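Structure first, then comments.
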Amino acid sequence: MALELPIYMDNNATTPLDPRVLDAMMPYLTSKYGNAASRSHTFGWEAEDAVSKARKQVAKLIGASPKEIIWTSGSTEGCNLAIKGVAEMYGPRKEDGSCRGHIITTSYEHKAVLDPCKRLQREGFDVTFIDPHEDGVITAAQVAEAIREDTILVTIMWANNEIGTINEVDEIGKLCKEKGILFHTDATQAVGKIPIDVERDGVDLLCGSGHKIYGPKGVGFLYVRRRKPRVRLSPMIDGGGHERGMRSGTLNVPGIVGMGESCELAGKEMNADAERLSKLRDRLIDGVLSQLDMAVLNGDKEKRLPQTANISFPYVEGESLMMAMKDIAVSSGSACTSASLEPSYVLKSLGLGDELAHSSIRFGLSRWSTEEEVDYTVEKVVSAVNHLLEMSPLYDMVKEGIDLSTVEWGGH
C-alpha cells in the first residue's frame, strides 16, 4: 500500500473521528433532533434514550454506574467542575482569611488542572505541587508525604499527556480512601487506552474527553462517585438543573452518542490496540535511538501509554526539527500550549534544562498508524536531526571535547 502524506503523529492532541462513531452520530445530526430534556413527546424520549445508552457505554468502560456519569464539553470543563466544585463544597470561606483547605496536585498536570488550582490558591486554599521523579512517575509515597490534616482533595493525572508515563493511580486511590480524602484524576489520555476501574482503583472523580478516543470534539464526561463516599459538587453553571444539578445546559445529543460509541469500541478493541501500538511505539523509539546516539527518551520506557513517545534531541531546536519534516505532524509539547515559545514545563519538571526541553518532540500513534508510517517517520527524523546537527556550532564544540557547562559565554 502506497504511503500517504502527510502523516499524522500527533494523536495525543486529538484523534481522527472513527467512521463507526460518525455512523452512530448521523441520525442525531439529521432526523433524530429532539432535546433530551423534552419529556412530553417522542422526539425528546428518543434523544433521552440515546443519552441513557451512551451513559451506560461510558460507565462500563471505567467500571462505574451510569448514574455517576455527568456530561461535559470536554476534560477542561470536567477538571474545572471537579476541582472547583469540591473546593467550594468542602472548603468553606473563612472571614479571618485563614486557609480554606489543602489540595495536592503535581507540577506537570495539564493546564486544565494547574490553572484551577492556582485560582484556588488566590481564593484562600493551600496547594502542594509535587514534582515527578526523573522517570516521569508520581508515586503514592510522594502523595503520602504531602498529605496534611486539612487536605480535602488530591488531583493527579492518570497518564501524562506529553511524555505518556503512567502514575501509581491505584496506590494513590487506596491511600486517599484510607485517609478519607477525595481523589480526582484527569484520565483524558488514559481512558480507552489502558484498563480503568474506578471502584478497584479508589477514584472519586475522573475526567475523559471524546476527541482523545476517536470520538467527536466538544464532548466529555465527569465521573462523580455516588456512594462510599457520596461526592457532592458545587456547580459552576446554573440554570435548569440538568445532570443532577451539577452541569446545567441543553445536552449535545449527537456528541454524547459519539462519546458513547467511542467508549464502546474502545472497550472491545483496547487490548488488541494496545498490543499493536506498543510494538509500533517501541519500533519508533528503538529506530530513532539506535541511529542517534545522543537522542534521549523522556520518561520510563515501560510505565507508559501504548501510543506515546517523547524524545529529546540535544543541540537541535524542536521547532526547527518540526519545520524540517513538514510532512509529519508531531508536536513539541501539549497542544494547548504549543503557541508558546517557552520550553515544556512538563519536561522541566523532570529536571531537564531549557535547552533539552526545547529540543523535544512528542510522537502520538493511533489505531490506524502503520509500520510504514513509523519507518518513514524514523527515517525523516534521523535525516533531519543529522542535517541540523551539521549546522550546529554547539555540536561542533561537543565533538571537539569541549564541556559546554564550563564555557563562559560573552554578551552585552
Side-chain angles (χ1 to χ4, degrees), residues 10-15 17 54 58 62 69-88 103 105-123 125 127 129 153-162 164 167 182-193 196 203-224 231 233-239 242-243 246-252 255-256 258-259 262-263 305 308 331 333-340 342 344-346 362 364:
D10 198 19
N11 287 278
N12 289 56
T14 195
T15 56
L17 188 69
V58 173
I62 65 170
I69 303 302
I70 303 298
W71 300 117
T72 67
S73 61
S75 286
T76 295
E77 182 188 345
C79 288
N80 272 264
L81 176 55
I83 295 167
K84 294 175 182 175
V86 166
E88 190 67 30
I103 296 169
T105 188
T106 79
S107 58
Y108 77 162
E109 295 291 315
H110 191 280
K111 291 288 188 180
V113 169
L114 289 177
D115 287 352
C117 286
K118 290 176 181 177
R119 175 182 287 272
L120 291 174
Q121 275 186 311
R122 298 193 293 270
E123 295 179 359
F125 291 86
V127 182
F129 297 90
L153 176 68
V154 171
T155 173
I156 292 176
M157 63 194 341
W158 202 298
N160 187 269
N161 52 299
E162 287 192 32
N167 294 319
L182 294 180
F183 177 37
H184 164 254
T185 182
D186 172 7
T188 307
Q189 296 291 346
V191 169
K193 311 292 176 53
I196 287 176
V203 174
D204 298 307
L205 298 135
L206 179 148
C207 300
S209 201
H211 74 107
K212 304 293 188 180
I213 51 173
Y214 315 103
K217 297 176 179 65
V219 64
F221 71 91
L222 171 64
Y223 156 75
V224 183
V231 179
L233 298 178
S234 291
M236 292 194 303
I237 302 173
D238 296 309
H242 306 78
E243 297 302 283
M246 296 185 202
R247 200 270 188 180
S248 291
T250 301
L251 294 179
N252 171 12
I256 288 168
M259 175 96 236
S262 64
C263 287
L305 294 169
T308 307
S331 73
S334 167
C336 300
T337 57
S338 60
S340 168
E342 291 296 314
S344 164
Y345 68 87
V346 169
R362 179 183 68 181

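Predicted, not measured: the structure shown is a model, and the values here were computed from it. For the numbers below, each heavy atom of this structure counts, side chains included, while hydrogens, waters and symmetry mates do not.
With hydrogens and angles ignored, the 3.5 Å screen pairs a side-chain donor or acceptor of Thr105 with a backbone N or O of Thr155. A donor-acceptor contact shorter than 3.5 Å links the side chain of Asp204 to the backbone of Phe183. Between the side chain of Arg247 and the backbone N or O of Asp238 there is no donor-acceptor pair closer than 3.5 Å. Between the Lys111 side chain and the Thr76 main chain, no donor and acceptor come within less than 3.5 Å of each other. Side chain of Glu77 to main chain of Ser73: a donor-acceptor pair is present (N/O by atom type, distance under 3.5 Å, no hydrogens or angles).
Qualifying side chain to side chain donor-acceptor pair (under 3.5 Å) partners for Thr106, counting only residues two or more places apart in sequence or in other chains: Glu109. The side chain to side chain donor-acceptor pair (under 3.5 Å) test applied to Tyr214 returns no partner, not counting sequence neighbours. With sequence neighbours excluded, the residues forming a side chain to side chain donor-acceptor pair (under 3.5 Å) with Glu243 are Arg55, listed by chain and number. Under the side chain to side chain donor-acceptor pair (under 3.5 Å) criterion, Asn11 pairs with no residue at all, not counting sequence neighbours. The side-chain contact (heavy atoms from CB on, under 4.5 Å) test applied to Lys217 returns Thr14, His211, not counting sequence neighbours. Every side-chain contact (heavy atoms from CB on, under 4.5 Å) that Pro216 has, sequence neighbours left out, goes to Leu17, Val21, Met25, Val219.
Atom-to-atom distance recorded for Asn80:CG and Thr72:OG1 is 10.5 Å, nearest 0.5 angstrom. Distance check, rounded to the nearest 0.5 Å: SG of Cys207 to OH of Tyr223 gives 12.5 Å. In this structure, CD in Glu162 is found 6.5 Å from OH in Tyr345, a value given to the nearest 0.5 Å. Note that NE2 of His242 and CD1 of Ile70 are 12.5 Å apart. Values are rounded to the nearest 0.5 Å. Rounding to the nearest 0.5 angstrom, the gap separating the CG atom in Leu205 from the OG1 atom in Thr185 is 10.0 Å.
In this model, a donor atom of one side chain and an acceptor atom of the other lie less than 3.5 Å apart for Thr308 and Asn12.
Counting only heavy atoms from C-beta outward, the side chains of Val154 and Leu182 never approach each other to under 4.5 Å. Side-chain atoms of Tyr108 and Leu114, non-hydrogen and from C-beta on, never get closer than 4.5 Å to each other. No side-chain heavy atom of Met157 sits less than 4.5 Å from a side-chain heavy atom of Val113. Trp158 has its side chain within reach of Val203: a pair of non-hydrogen atoms, C-beta onward, lies under 4.5 Å apart. In this structure, the side chains of Asn160 and Gln189 stay at 4.5 Å or more apart for every pair of heavy atoms. Looking at His184 and Ile83, their side chains come closer than 4.5 Å, going by heavy atoms from C-beta outward.
Contact between Ala82 and Leu222 at its shortest, heavy atoms only, is CB-CD1, 3.9 Å.
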### Task
Evaluate the side chain to side chain contact (heavy atoms under 4.5 Å, CB included) criterion for residues Ile256 and Leu251: first the C-alpha distance (whole Å), next the side-chain angles of each, then the deciding distance (0.1 Å), finally the verdict.
CA-CA 8 Å; Ile256 288 168; Leu251 294 179; 3.8 Å; yes

